[in-house]
Amino acid sequence: MRFSSMFIPTLREVPSDVEAVSHRLMLRAGYVRQLAAGLYIFLPLGWRVLNRINSILKEEMEAIGAQEISMPVLHPAEIWQQTGRWDAIGDEMFRLKDRTGRDMCLGMTHEEIMTWLAAKEIRSYRDLPQIWYQIQTKLRDEARPKSGVLRTREFLMKDSYSFDADEDGLERSYRLHAEAYHRIFKRCGLRFYQVESDPGMMGGAKAHEFMAPSPAGEDEVVLCDNCGYAANVELAITVSPDVTFEDWPYEELHTPGKRTVQEVSEFLGISPRYFIKSLLLMAPKGPVLALIRGDQELHEKKMQKIIGPFRTAEKEEVKKILGVEAGFIGPMGHNLEIIADLNIKDGVYISGANREDFHVKGIRPGIHFEARWQDIHMAKEGDRCFRCGAVIRIEQCIEVGNIFKLGTKYSVPLKAFYLDSSGMERPLIMGSYGIGPARIAAAAIEQNHDSDGIIWPRSIAPFDVEILPLNMKDAKTIEVSEHLYSSIKEKGIDVLIDDRDERAGVKFKDADLIGIPTHIIIGERNLKEGLIEIKDRRTKKAAKVRIEEIFQYLTVQV
RNA sequence: CGGGGCGUAGCGCAGCCCGGUUAGCGCACCUGCCUUGGGAGCAGGGGGUCGGUGGUUCAAAUCCACUCGCCCCGACCA
């Protein structure tokens with residue numbers, strides 16, 4: 001392609017409120033433009049990148065026997081009502097009515113529609129297994145679109161769905177996807193982790209996310225470099241660093257006006273890790289007392305999974321329900337449900353005395369109070385792996401893909417049954433698997449850029465090579481450039497030639513910004529000696545080579 | 001949905017507090033000259049319902065009310 005006839009609107013400046021690196025560079029380098037909040041236009045360069053990613057997706061999907069199909073974006077409400085998600089999903093679903101007043105919605109995912117098709121067409125175990133996939137538009141009315149292309153209201157998704165006769169079959173389809181995903185992200189040049197994740201609204205038993213580390217990511221992942229444990233913080237289990245407990249006798253301490261763990265800890269000169277923090281939560285089934293170690297925080301999502309949506313109690317409610325002033329609550333002697341974090345199951349602690357201005361030292365869990373033991377604290381840096389005891393670390397990540405074991409969550413309500421070899425009717429066992437191509441592109445930029453611009457992994461770059469004729473007024477430069485351009489093209493290499501009548505500086509800056517991996521620089525000076533330059537975008541190293549030898553270098557590099 | 005910020009030329013911004021010439025700057029764009037290895041220089045030029053509506057005032061980009069949009073933090077997130 002010729003730069004002069006391709007629409008590549010590069011920008012010197014970008015609005016100051018654009019934060020994410022990938023967002024800024026995609027705008028500056030002319031890959032995307034924003035239409036409205038969470039709605040993006042992919043310009044020629046951006047679309048080329050997506051297409052290259054999509055062909056990798058297709059190759060790897062076909063390789064595990066997945067078959068590409070295409071589903072409508074517009075869905076009738078009834079199918080979503082049958083699985084209960086019409087009501088379970090809130091404002092995130094775009095809803096509308098057709099001219100006859102029939103409820104419709106725009107597809108945010110396709111479990112329902114895929115299962116509908118399977119229910120209609122799959123009869124026998126002989127039809128199984130099936131894996132169907134599509135690369136198609138999804139619409140979600142996000143509460144807060146952000147970070148450019150990373151969280152949008154309309155986006156492309158590779159979504160696949162597996163239908164198996166039994167759990168073993170699902171296990172196989174799930175594993176095939178996990179392996180394909182590893183190959184995909186590797187081929188796309190990403191650094192990534194496969195982590196355990198919360199199935200959430202998708203339902204089902206087990207799920208994993210594929211996470212590309214980047215400060216622009218919205219997710220936090222707990223990683224153990226020692227044993228390989230990796231999980232989203234939403235469900236990661238960690239153990240607090242070892243603590244040696246004192247054999248304190250049970251005694252009340254006068255702590256006038258000291259309410260928070262921080263205050264009492266400073267007052268007594270004892271570390272917060274020897275404290276039990278008591279939080280009164282108002283849950284649907286009534287008040288619950290949550291106990292957390294003094295140096296840790298309650299993980300609201302983990303807690304919500306146990307007791308449902310809750311809020312913390314007001315000061316007056318604390319007094320009314322527990323008969324204690326907030327700040328002096330202790331775990332002892334209450335007549336309500338107590339859920340305590342597993343980390344405080346052993347030890348000797350300090351907590352409120354259930355009496356104003358007093359705390360108690362020497363509290364022994366299991367002796368002085370009983371509780372339901374659950375993992376409810378937030379994992380944090382410095383915690384230890386619950387499997388092997390090594391210190392874990394936490395990394396910020398972009399979720400580029402996910403895989404879910406759905407089981408029969410959709411097949412039962414949508415009556416997707418088949419007959420097994422003994423003639424018995426059984427529900428299809430399903431899995432669903434997603435990848436966001438635009439997130440791969442953004443993550444690739446997040447992980448591969450420098451102060452001058454994007455550095456594309458070769459596999460997903462919009463072009464393999466860019467030719468930079470520095471002086472378009474020099475006949476020899478043009479002759480050599482044009483000759484190279486056509487012969488490179490003939491070899492099937494995607495090449496862009498910057499044939500604009502611009503100064504050398506402009507071409508260099510734009511080339512670095514756009515981030516095509518290999519640059520061929522054609523300047524008058526070198527040309528006099530029959531030389532041209534081949535330069536690597538990542539290392540910025542350039543080599544002078546004889547014009548006729550260029551292909552030896554290209555075949556190595558491309 | 002809660003908190004904060006911002007809407008002025010294609011893009012990036014100043015002006016607004018403290019109302020009053022013809023609304024300004026940089027980039028981009030057009031013409032000419034010049035220049036061609038890291039976003040050149042000189043000269044000339046075009047381009048604005050100051051997000052919208054209503055109000056206050058002799059007078060509104062500027063003050064007030066409402067409204068729409070966008071960004072950031074949080075909640076939420078198949």
Side-chain angles (χ1 to χ4, degrees), chain A residues 9-20 23-24 27-28 30 33-39 75 80 83 85-86 88-94 105-114 138-148 150-153 155 157 159 161 197-204 207 209 216 218-219 232 234 300-301 304 309 311 399 401-404 406 409-410 432-436 451-453 468-474 477-478 498 500-513 519 521-527 531-533 535 540 542 544:
Chain A
T10 59
L11 259 26
R12 293 191 189 210
E13 292 168 302
V14 109
S16 52
D17 53 17
V18 168
E19 300 277 314
H23 188 197
R24 206 177 64 233
L27 285 173
R28 279 200 60 206
R33 286 295 182 263
Q34 186 188 38
L35 173 65
L39 299 174
H75 303 174
W80 286 80
T83 61
R85 285 162 118 194
W86 178 263
I89 295 170
D91 293 337
E92 208 177 328
M93 182 185 271
F94 281 108
C105 66
L106 301 180
M108 52 201 308
T109 178
H110 280 75
E111 280 77 16
E112 274 78 359
I113 314 303
M114 288 277 180
K138 299 284 181 276
L139 291 123
R140 297 180 191 175
D141 197 358
E142 290 287 347
R144 186 149 99 83
K146 59 186 283 200
S147 308
L150 281 176
R151 185 165 213 88
T152 56
R153 296 192 291 175
F155 58 97
M157 185 182 208
D159 48 327
Y161 304 83
S197 71
D198 183 357
M201 269 209 73
M202 291 298 308
E209 287 165 335
E218 304 179 86
D219 290 276
N232 194 309
E234 288 171 14
E300 296 191 5
K301 263 194 182 155
Q304 215 174 79
R311 60 175 175 84
E399 181 188 349
N402 50 32
I403 53 180
F404 297 96
L406 300 175
K409 177 175 161 122
Y410 298 91
S432 79
Y433 318 86
I435 284 183
S451 56
D452 292 317
L468 284 78
L470 294 185
N471 183 0
M472 292 300 286
K473 297 237 167 38
D474 179 57
T477 299
I478 293 180
D498 191 346
R500 296 174 300 168
D501 186 14
E502 288 285 357
R503 299 169 58 84
V506 174
K507 295 191 180 186
F508 282 128
K509 289 286 182 192
D510 274 346
D512 285 346
L513 229 202
H519 299 168
I521 299 159
I522 298 169
E524 276 176 280
R525 280 200 316 242
N526 288 326
L527 230 38
L531 298 173
I532 58 178
E533 243 172 300
K535 183 174 160 189
K540 299 242 171 145
K544 288 183 190 177

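In what follows, chains are A, B, ... by sequence order, proteins preceding strands, each numbered from 1.
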Trainee: Does a distance-only test, which skips hydrogens and angles, find a donor-acceptor pair under 3.5 Å between the side chain of A:Lys544 and the base of B:G37?
Mentor: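 Such a pair does not exist between side chain and base.
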
Trainee: Counting only distance, no hydrogens or angles, is the base of B:G37 paired donor-acceptor with the side chain of A:Asn471 under 3.5 Å?
Mentor: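 Side chain to base: no pair present.
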
Trainee: Once you round it to whole Å, what is the distance between P of B:G26 and CD of A:Glu13?
Mentor: 13 Å

Trainee: I'd like the C1' distance from B:U35 over to B:C25, given in whole Å.
Mentor: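 Taking atom C1' in both B:C25 and B:U35, they lie 26 Å apart.
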
Trainee: Which part of the nucleic acid, if any, lies within reach of A:Asp512 when heavy atoms closer than 4.0 Å are counted: base, sugar-phosphate only, or nothing?
Mentor: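 Base: the residue A:Asp512, judged by heavy atoms under 4.0 Å, touches a nucleobase.
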
Trainee: Starting at CG of A:Leu35 and ending at P of B:G69, how long is that distance when rounded to a whole Å?
Mentor: 13 Å

Trainee: Let's see if you can work this out: which of B:C71, B:U36, B:G37 has an atom nearest to the side-chain heavy atoms of A:Ala37?
Mentor: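 Nearest to the side chain of A:Ala37 among the choices is B:C71.
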
Trainee: In this structure, how many angstroms lie between the P atom of B:G37 and the CD atom of A:Glu533, rounded?
Mentor: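 Taking atom P of B:G37 as the reference, CD of A:Glu533 is at 12 Å.
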
Trainee: Please report the distance, rounded to the nearest Å, between CZ in A:Arg500 and C1' in B:U35.
Mentor: 17 Å

Trainee: State whether the distance check finds a donor on one side and an acceptor on the other, under 3.5 Å, for side chain A:Glu524 versus base B:G37.
Mentor: no

Trainee: In terms of side-chain heavy atoms of A:Arg144, which of B:C76, B:G38, B:C72 is nearest?
Mentor: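 For the A:Arg144 side chain, the nearest candidate turns out to be B:C72.
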
Trainee: Return the pairing partner of B:U21 with a 3.5 Å limit on both distances, Watson-Crick or G-U wobble; otherwise return none.
Mentor: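 Check on B:U21: unpaired, no WC or wobble geometry under 3.5 Å.
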
Trainee: Quickly work out the A:Glu300 CD to B:G74 C1' distance and round it to whole Å.
Mentor: 11 Å

Trainee: Who does B:C27 pair with, Watson-Crick or G-U, both distances under 3.5 Å?
Mentor: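 Across any shown strand, B:C27 pairs with B:G10.
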
Trainee: I'd like to know if A:Lys409 pairs up with A:Glu111 as an ion pair, taking the criterion as any Lys NZ or Arg NE/NH1/NH2 lying under 4.0 Å from an Asp or Glu carboxylate oxygen.
Mentor: no

Trainee: C1' atom, B:U57 versus B:G44: distance in rounded Å?
Mentor: 42 Å

Trainee: Can you tell me which nucleotide in B:G37, B:C11, B:C70 comes closest to the side chain of A:Asn526?
Mentor: B:G37

Trainee: Return the nearest nucleotide to the side chain of A:Arg503; candidates are B:G39, B:U36, B:G38.
Mentor: B:U36

Trainee: Any donor-acceptor pair, under 3.5 Å, between the side chain of A:Arg28 and the base of B:G39, if you only look at N and O atoms?
Mentor: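 It does, because a donor-acceptor pair links the side chain of A:Arg28 to the base of B:G39 below 3.5 Å.
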
Trainee: Taking any heavy-atom pair under 4.0 Å as a contact, classify A:Ser197: base, sugar-phosphate, or nothing.
Mentor: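 No contact.
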
Trainee: Taking any strand in view, what nucleotide pairs with B:C63 in a Watson-Crick or G-U wobble way, both distances under 3.5 Å?
Mentor: B:G55

Trainee: Kindly assign one of parallel, tilted or perpendicular to the pair A:His75 and A:His110, based on the angle between their ring planes and the thresholds 30° and 60°.
Mentor: perpendicular

Trainee: Strictly by Watson-Crick or wobble contacts shorter than 3.5 Å, is anything paired with B:C76, and which nucleotide is it?
Mentor: none

Trainee: Can you tell me how far P in B:G39 sits from the matching atom in B:G47, rounded to whole Å?
Mentor: 32 Å

Trainee: Nearest-nucleotide wise, let me know which of A:Met472 and A:Ile435 is further upstream toward the 5' end of RNA chain B.
Mentor: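 Its nucleotide being nearer the 5' end, the pick is A:Met472.
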
Trainee: Tell me what A:Asp510 touches on the nucleic acid: a base, only sugar-phosphate, or nothing, going by heavy atoms under 4.0 Å.
Mentor: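 Base, at least one base atom sits under 4.0 Å.
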
Trainee: Choosing from B:U36, B:G38, B:C27, which nucleotide comes nearest the side chain of A:Arg12?
Mentor: B:C27

Trainee: For A:Lys544, does the NZ atom have more than 12 heavy-atom neighbours from other residues, nucleotides or ligands under 6.0 Å away?
Mentor: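 Atom NZ in A:Lys544 is not packed in, count stays at 12 or less.
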
Trainee: Which base, if any, makes a Watson-Crick or G-U wobble pair with B:C50, both distances under 3.5 Å?
Mentor: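 Paired with no nucleotide.
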
Trainee: Taking the minimum atom-to-atom distance to the side chain of A:Gln304, which one of B:G38, B:C76, B:A40 wins?
Mentor: B:C76

Trainee: How about A:Glu300: does its CD atom have over 12 heavy atoms from other parts shown lying under 6.0 Å from it?
Mentor: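 Not more than 12 within 6.0 Å, no.
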
Trainee: Hey, is the side chain of A:Glu502 pairing donor to acceptor with the base of B:G39 inside 3.5 Å?
Mentor: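 In this structure, the two groups form no donor-acceptor pair.
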
Trainee: Using atom CG of A:Asp141 as one end and atom P of B:C1 as the other, report the distance to the nearest whole Å.
Mentor: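 A:Asp141 atom CG is separated from B:C1 atom P by 10 Å.
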
Trainee: Rounded off to whole Å, could you give me the CZ-to-C1' distance for the A:Arg24 and B:C72 pair?
Mentor: 15 Å

Trainee: On RNA chain B, nearest-nucleotide positions of A:Ala143 versus A:Asp17: which is more 5'?
Mentor: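 Looking at the nearest nucleotide for each, A:Asp17 comes out on the 5' side.
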
Trainee: Within the side chain of A:Lys507, is there an N or O that forms a donor-acceptor pair under 3.5 Å with the backbone of A:Asp498?
Mentor: yes

Trainee: For A:Met108, run the side chain to side chain contact (heavy atoms under 4.5 Å, CB included) check against A:Met93, A:Lys138, A:Met157 and tell me which one passes.
Mentor: A:Met93

Trainee: Out of B:G39, B:U36, B:C11, which has the shortest distance to the side chain of A:Lys473?
Mentor: B:U36

Trainee: It should be established whether A:Ser16 places a side-chain nitrogen or oxygen under 4.0 Å from OP1 or OP2 of nucleotide B:C13.
Mentor: yes

Trainee: Would you indicate which nucleotide in B:C72, B:G38, B:G37 comes nearest to any side-chain atom of A:Glu19?
Mentor: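 So the side chain of A:Glu19 is nearest to B:C72.
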
Trainee: Starting at atom CG of A:Leu468, determine the distance to atom P of B:G37, rounded to an integer number of angstrom.
Mentor: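 These atoms are roughly 13 Å apart.
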
Trainee: Give the nucleotide from the list B:C71, B:G38, B:U36 with an atom nearest to the side chain of A:Phe508.
Mentor: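 Minimum distance to the A:Phe508 side chain belongs to B:G38.
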
